[in-house]
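Here's the structure we're looking at; comments come further down.
Just so it is clear: chains get the letters A, B, ... in the order the sequence lines come, proteins before strands, and each one is counted from 1. Computed from a predicted structure; not experimentally measured.
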2 protein chains.
Amino acid sequence: MAYPRRVGAETSKTRAHLLEAAERIMLDEGYAAVTYRALAAKAGVTAGLVQYYFPTLDDLFVAMLRQRTDRTHDRLVETLRQHADEPLRAVWEFNRDDTTAALMMEFLALANHRKSIRAEVALVSSRFRKAQLEALKVKWPEYGPLNEELSPAVCIFLLQAIPKMILLENAVGMPTSHTQVLKLVNGYIDRIEPRRRTPKTQKVQSKSRSRRSG
Amino acid sequence: MAYPRRVGAETSKTRAHLLEAAERIMLDEGYAAVTYRALAAKAGVTAGLVQYYFPTLDDLFVAMLRQRTDRTHDRLVETLRQHADEPLRAVWEFNRDDTTAALMMEFLALANHRKSIRAEVALVSSRFRKAQLEALKVKWPEYGPLNEELSPAVCIFLLQAIPKMILLENAVGMPTSHTQVLKLVNGYIDRIEPRRRTPKTQKVQSKSRSRRSG
DNA sequence: GTCTATACGGCGATAGAC
DNA sequence: GTCTATCGCCGTATAGAC
């Protein structure tokens, strides 16, 4: 029976190394390329050893998501704290981070087809959402009539949906009007949260990916 | 050698039946569940026969996308023609269609990992985009200062990105503020394109899916 | 033109030996 | 902790029967 299945310790150095390698594969070639054998080859171990730490691929994906999420959530909270005077811009810049967005998009697609990933994705999403919502609600009353029809929740949905969709379309090679969309959002934010510091050049969205083999 | 590989005729009734069955599997269980053996079982034929019509799975996916696209494009053009006085609303309602959006989202995810699907997805997307753009541009000058900062292209991006993202989040079980977002867009459209006919009740977005097994 | 049978290597997963 | 052997399913290729 599968009851007393032996699993490697979470403190293992090998385990941490495997998680790193798996993330690199995922970013370079997509989640479909994360296989026991490929990961083992990349990390210089046997496939059996990978399975010792992650009995199923779902276990591996959940562990990857948890680790990445913990780090990113810390960064989000810190960013929101530092830019408490302009939470809208902070939320936008956070969601525009390519690596985070690419990984989250990968996990979203994965969750769409893997039951056990769904609960984990929903959980981390609500954590992120909660942190952003709280920061935005504090300043919301000051924003006045400019956004009479918007709400913090709607803003957050749009501010995270837009970069993800742009990323996905870029990956597929769809030539739509992403530059215009980014300009629209930037303009809207600049109007609600006027810049105080030097408006340093906006990071260009998503250089074309070298990823994906087939 | 692989040179004189024999492939079934495109007029075959069996082939059409297989395409239908494949689409049903894709909608019910996701693209990952579309395998030769599963499709053969569902259609009541042998796996070899499926391969006779679609030598590789990519061939199958491309054929599925082409067929679905041709039908949907006809419907889009007809809808835009009938509602030439309110193209914005027509574009919105078209993109809100759940089955079409779900299939396109599936193909988008597929294209993210399958090289040969990418070109096809990019192609059909630009076809759809072009039709919507032309219809919207005709009426655009009349819309006045309400949307001074928007453009037809940006509108179309948002009008198709929002339903897709809502669909994806629903599928994953993310409880975000979709109702508010839909209300925002509906309100915006109602303001730009005031309703003339009876404002019949808006279709509720996406009942929770029963799909996905693992 | 349709369709079947069979084989191959890669995959996730399990059980169990060192 | 580490690694091997094995199982059943997968995509794909090929040879050949009606």
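Rounded to an integer number of Å, the gap from CD of A/E10 to P of D/dG1 is 12 Å. Nucleotide D/dC10 holds its P atom 17 Å from the CG atom of B/D58, rounded to whole Å. Rounded to whole Å, atom P of D/dG1 lies 13 Å from atom CG of A/L18. Protein atom CZ of A/R6 is 9 Å distant from nucleotide atom C1' of D/dT2, rounded to whole Å. Across the protein-nucleic acid pair, B/R5 atom CZ and D/dG16 atom C1' stand 14 Å apart, rounded to whole Å. At whole-Å resolution of the value, NZ in B/K13 and P in C/dG1 are 19 Å apart. Between the C1' atom of C/dT4 and the OH atom of B/Y53 lies a distance of 13 Å, rounded to the nearest Å. The distance from atom NE2 of B/H113 to atom P of C/dC11 is 16 Å, rounded to the nearest whole Å.
Contact annotation: B/Y36 reaches the phosphate of D/dT12 (side-chain N/O to OP1 or OP2, under 4.0 Å).
Mapping B/T11 and A/P55 onto DNA chain C via the closest heavy atom, the residue that lands nearer the 5' end is B/T11.
Remark: A/D190 engages A/R89 in a salt bridge, criterion side-chain N to carboxylate O under 4.0 Å.
Heavy atoms from other residues, nucleotides or ligands lying under 6.0 Å from CD of B/E78 number more than 12. The number of heavy atoms from other shown groups lying within 6.0 Å of CZ (B/R71) does not exceed 12. B/K183 NZ: 12 or fewer foreign heavy atoms inside a 6.0 Å radius.
At a threshold of 4.0 angstrom between heavy atoms, the contacts of B/T56 are confined to the sugar-phosphate backbone, with no base atom among them. Among the protein residues, B/V34 comes within range of the sugar-phosphate backbone only, with heavy atoms under 4.0 Å from sugar or phosphate atoms but none that close to a base.
The list of side chain to side chain donor-acceptor pair (under 3.5 Å) pairs with a residue in residues 45-57 of chain A, not counting sequence neighbours, reads A/S12-A/Y53, A/T56-A/D59.
Classified by interplanar angle (parallel below 30°, tilted 30° to 60°, perpendicular above 60°), the ring pair A/H73/A/F128 is tilted. A perpendicular orientation is assigned to the rings of B/H178 and A/F157, their planes being inclined by more than 60° (bins at 30° and 60°).
Residue A/L57 has its side chain nearest to C/dG12 when only D/dG11, D/dT2, C/dG12 are considered.
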>> Base contacts versus sugar-phosphate-only contacts with protein, heavy atoms under 4.0 Å: please encode nucleotides 3-8 of chain D as B, S and - from 5' to 3'.
In response: SB----

